[in-house]
Amino acid sequence: MTDPVNRTILLFDIEQYGSRDDVEQAYLRRVLYDVTDATLGAASVDDIAHLRADRGDSVMELIDTRISVPALVKTLLTETPALLHSKNRLLASSAQMRLRIVLSSGYVAVDDLDGWVGSDLNHAVRLLNSDPLRDALKERDSDSVLCVSDGIYQGVVRHGPLGVRPGDFHRITVPTKEGPTVAWLHGEPRATKSLGTPTGAAPASDTPLPAHHVVHINGDQYGQAGGTLHGDQHFDFTRSVRDERR
């Protein structure tokens, strides 16, 4: 096994790849390679500056640390979505490709079978397959969703390099086999429903209702229009106010 080397880790994964037939899968893999190659080219990553591993429905890239990480982040936020859109706009919805993307970093070694080994790589894969990332892509109309590791966020994103807005990322906690881990997801946080208001119910008014005026009259009563009412009577003078707010 080689000595571990520090690399930027870039992962792409196709959503719902297993639900496609063989012809669709073969086509999606070609599109994935096109998008990956174009993304690397836009970030000035040449052929000798990265090492690729093919995982069928995903592609893993180990990128030399001399490549600018801010440039990679900016490219993933701008060029990659544009590339995906240009591909998908010509396809039927059933053939379109959507991607989960993770950008991380760490030490990776290559074993005697040319496999990649390293806990930092495992961490990146955990993020790629995490429920928060899957859910974010399902809930959005965009063709891709980007997640960066805490190290990438703290070292690059939070400083706001040109073309990158830290406020567009929000912190998530991802449960893994090794315990909870922090990452940063691009885009709006998931909407949460209020526990106090049932779905479809009208919001409560900020204006208080007037005092509840109720009059009880005991005994038999003789109306002005004639006739006799027997028993106690109950009058609620606030009902009309409540009815107007329904």
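By convention here, the first residue in the shown sequence is residue 1. Because the structure is a prediction, the values reported are computed rather than measured.
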Using the rule given for salt bridge (charged side-chain N to carboxylate O under 4.0 Å, His left out), can you reason through D120 versus R7, listing the C-alpha separation, both sets of side-chain angles and the distance that settles it, and then say yes or no? CA-CA 10 Å; D120 292 324; R7 290 290 183 265; over 6 Å; no

Could you go step by step and tell me if H123 and T181 meet the side-chain hydrogen bond (donor to acceptor under 3.5 Å, both in side chains) rule? CA-CA 9 Å; H123 173 267; T181 186; 2.8 Å; yes

What verdict does the side-chain contact (heavy atoms from CB on, under 4.5 Å) test give for N129 and R134, after you've listed the backbone C-alpha separation in whole Å, the side-chain angles of each residue and the deciding distance to 0.1 Å? CA-CA 7 Å; N129 295 322; R134 292 178 184 273; 3.5 Å; yes

Mind running side-chain contact (heavy atoms from CB on, under 4.5 Å) on Y107 and D3 for me, showing each step along the way? CA-CA 9 Å; Y107 284 88; D3 291 333; over 6 Å; no

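A donor-acceptor pair is defined here as one N or O able to donate and one able to accept, closer than 3.5 Å; such a pair exists between the side chain of D46 and the backbone of A49. With hydrogens and angles disregarded, no donor-acceptor distance shorter than 3.5 Å links the side chain of D57 to the backbone of I14. Judged purely by atom type and a 3.5 angstrom limit, T2 uses its side chain to pair as donor or acceptor with the backbone of V110. Side chain of R158 to main chain of Q154: a donor-acceptor pair is present (N/O by atom type, distance under 3.5 Å, no hydrogens or angles). Of the possible polar contacts, none joining the H186 side chain to the V145 backbone as a donor-acceptor pair under 3.5 Å is found.
The shortest heavy-atom contact between P81 and L77 is CG-O, 3.6 Å. Contact record, L83 with A38: CD1-CB, 3.4 Å, taken as the closest heavy-atom pair. Across all non-hydrogen atoms, the minimal contact from D54 to G56 is OD1-N, 2.7 Å. Considering all non-hydrogen atoms of both residues, D150 and V182 come closest at CB-O, 3.6 Å. Taking all atoms of both residues into account, the shortest heavy-atom contact from S105 to S149 is N-OG, 4.3 Å. The two residues L62 and V108 make their nearest non-hydrogen contact at CD1-CG1, 3.8 Å.
Looking at residues two or more places apart in sequence or on another chain, you find no ring pair (Phe, Tyr, Trp, His ring centres under 6.0 Å) involving H50. When the side-chain hydrogen bond (donor to acceptor under 3.5 Å, both in side chains) test is applied to S142, no partner is found at least two apart in sequence or on another chain. Partners of S144 under the side-chain hydrogen bond (donor to acceptor under 3.5 Å, both in side chains) rule, at least two apart in sequence or in another chain, do not exist in this structure. Applying the salt bridge (charged side-chain N to carboxylate O under 4.0 Å, His left out) rule to R52 yields the partners D37, E61; only residues at least two apart in sequence or on another chain are considered. Evaluation of the side-chain hydrogen bond (donor to acceptor under 3.5 Å, both in side chains) rule for T75 yields no partner, not counting sequence neighbours. Annotation: side-chain contact (heavy atoms from CB on, under 4.5 Å) contacts of Q16 (sequence neighbours excluded): S19. Applying the side-chain contact (heavy atoms from CB on, under 4.5 Å) rule to S93 yields no partners; only residues at least two apart in sequence or on another chain are considered. Judged as a ring pair (Phe, Tyr, Trp, His ring centres under 6.0 Å), and not counting sequence neighbours, W116 has no contacts. By the side-chain hydrogen bond (donor to acceptor under 3.5 Å, both in side chains) test, R126 is found to be paired with E178, residues two or more places apart in sequence or in another chain being considered. A124 is linked by a side-chain contact (heavy atoms from CB on, under 4.5 Å) to I9, L11, V102, S104, counting only residues two or more places apart in sequence or in another chain.
Counting non-hydrogen atoms of neighbouring residues, nucleotides and ligands closer than 6.0 angstrom, the CG atom of L162 reaches no more than 12 such neighbours. In the displayed structure, Y33 atom OH is contacted under 6.0 Å by more than 12 heavy atoms of other residues, nucleotides or ligands. Around atom CZ of R140, more than 12 heavy atoms belonging to other residues, nucleotides or ligands sit under 6.0 Å away. Within a 6.0 Å sphere centred on CG of D112, heavy atoms belonging to other residues, nucleotides or ligands number 12 at most.
Contact annotation: the side chain of L32 approaches that of L99 to within less than 4.5 Å [non-hydrogen atoms, C-beta and beyond]. The closest side-chain heavy-atom distance from M97 to Y27 is not below 4.5 Å. Within the 4.5 Å cutoff, no side-chain heavy atoms of L133 are placed close to those of L127. A heavy-atom distance below 4.5 Å is found between the side chains of V69 and V73. Proximity of I63 to L40: side-chain heavy atoms (C-beta onward) are separated by under 4.5 Å at one or more points. Side-chain contact between L10 and I101 is present, with at least one heavy-atom pair separated by less than 4.5 Å.
Applying the salt bridge (charged side-chain N to carboxylate O under 4.0 Å, His left out) test to residues at least two apart or on different chains, the pairs with a partner in residues 9-24 are D13-R100, E15-R98. Counting only residues at least two apart or on different chains, the salt bridge (charged side-chain N to carboxylate O under 4.0 Å, His left out) pairs with a member in residues 69-95 are D34-K87.
Between L103 atom CG and I152 atom CD1 the span is 4.5 Å, to the nearest 0.5 Å. Considering CG of D111 and CE of M1, their distance stands at 7.5 Å, rounded to 0.5 Å. Interatomic distance, T80 OG1 to L76 CG, rounded to the nearest 0.5 Å: 4.5 Å. Rounding to the nearest 0.5 angstrom, the gap separating the SG atom in C147 from the CD1 atom in I172 is 4.5 Å.
Under the 4.5 Å side-chain contact rule for hydrophobic residues, L121 and L51 share a cluster. The hydrophobic clustering, which links ILVMFWY residues whose side-chain heavy atoms are closer than 4.5 Å, places V174 and V125 together. Put simply, F12 and L185 are part of two different groups of oily side chains (I, L, V, M, F, W, Y) that touch within less than 4.5 Å, one to the next. Follow the hydrophobic side-chain contacts under 4.5 Å out from L28 and you reach L84 in the same cluster. The same ILVMFWY cluster, assembled from side-chain heavy atoms under 4.5 Å apart, contains both V148 and V156.
Aromatic ring pairs are classed by plane angle as parallel below 30°, tilted from 30° to 60° and perpendicular above 60°; the pair Y153 and W184 is parallel.
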